[in-house]
Amino acid sequence: MTDSIHIKPTEHGVVRVFDVDLPAEQIKAFNRRNGTWPLQDALGAGRLDPAHVDLIAVEDLGELGLAGYLAEGHGISPDDLRDMRGRLAALSGHVLIVTSRAFGGEEQTLSPRAPLHLVATFTEDRPPVSFDPLPSQAARGVTGGKPPPSDAAMSGRVASIALLVLFLLVALVVWVAS
């Protein structure tokens, strides 16, 4: 029995590794979703997105190994894996890897039970966000202010004023003639 695991709605970038203590011939039924999902029930999850859950045979990882898969496939830092390499290498059979996205941002408390046993919890290694200056002057743009009017706009304004002056002259001639 593993202690309960609280999933916060803001959890992001957490990867959990569980040992699955089942014979190979029972794994397919354990992961079958047909009205119920035994894997989800054993994890004690209310919501679980299968797109972010990996049930893997350790032997299928070959030379890469579980530690290599976590580093390459899930972005776990080699420093975080250093102390766990021996334990991860000792695992055989199947492992379950569950990422934060599997819970869809829903707060819940997991109560994992047999055949699942929590092996490790890792955090994805994400480089800090940096905002470098834009490389091109054109990309920087100008904020605020109005651009100067185009030649076409100026010509339209001049034509409007000329028509207004002509209208006033015609109105003056008609008034004087009457």
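Heads up: numbering here begins at 1 and tracks the sequence.
Looking at R16 and E11, a side-chain N of the basic residue comes within less than 4.0 Å of a carboxylate O on the acidic one, giving a salt bridge.
To the nearest 0.5 Å, atoms CH2 (W175) and CG (L172) are separated by 7.5 Å. Separating the NE2 atom in H6 from the CD atom in E107 is a distance of 4.0 Å, to the nearest 0.5 Å. Atom CG of L70 sits about 10.5 Å away from atom CG of D80, to the nearest 0.5 Å. With values rounded to the nearest 0.5 angstrom, L48 atom CG is found 9.0 Å from R33 atom CZ.
Residue P149 comes nearest to M154 through the heavy atom pair CG-SD, 3.9 Å, listed as atom of the first residue, atom of the second, then distance. Residue A42 comes nearest to P115 through the heavy atom pair CB-CD, 4.1 Å, listed as atom of the first residue, atom of the second, then distance. In terms of heavy-atom proximity, R101 sits nearest to D49 at O-CB, 4.3 Å.
The residue from L91, L96, I97 that alone fulfils the side-chain contact (heavy atoms from CB on, under 4.5 Å) condition with V119 is L91. The residue from V14, T109, L110 that alone fulfils the side-chain contact (heavy atoms from CB on, under 4.5 Å) condition with I7 is L110.
Crowding of D79 atom CG: a count of heavy atoms from other residues, nucleotides or ligands under 6.0 Å exceeding 12.
Both F103 and F18 are members of a single hydrophobic cluster when ILVMFWY side chains are connected at heavy-atom separations under 4.5 Å. Cluster membership check: V17 does not share its hydrophobic cluster with I5, using side-chain heavy-atom separations under 4.5 Å among Ile, Leu, Val, Met, Phe, Trp and Tyr. The hydrophobic clustering, which links ILVMFWY residues whose side-chain heavy atoms are closer than 4.5 Å, places L118 and M84 apart. Residues V95 and V98 do not share a hydrophobic cluster, defined by chaining ILVMFWY side chains whose heavy atoms lie under 4.5 Å apart.
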Pair up each side-chain donor or acceptor in residues 55-68 with any protein partner under 3.5 Å, not counting sequence neighbours, and list the distances.
none

Which pairs would a plain distance check flag for residues 19-32, meaning a side-chain donor or acceptor within less than 3.5 Å of a matching protein atom at least two apart in sequence or in another chain?
| unit_1 | atom_1 | unit_2 | atom_2 | d |
| --- | --- | --- | --- | --- |
| N31 | OD1 | W37 | NE1 | 3.0 |

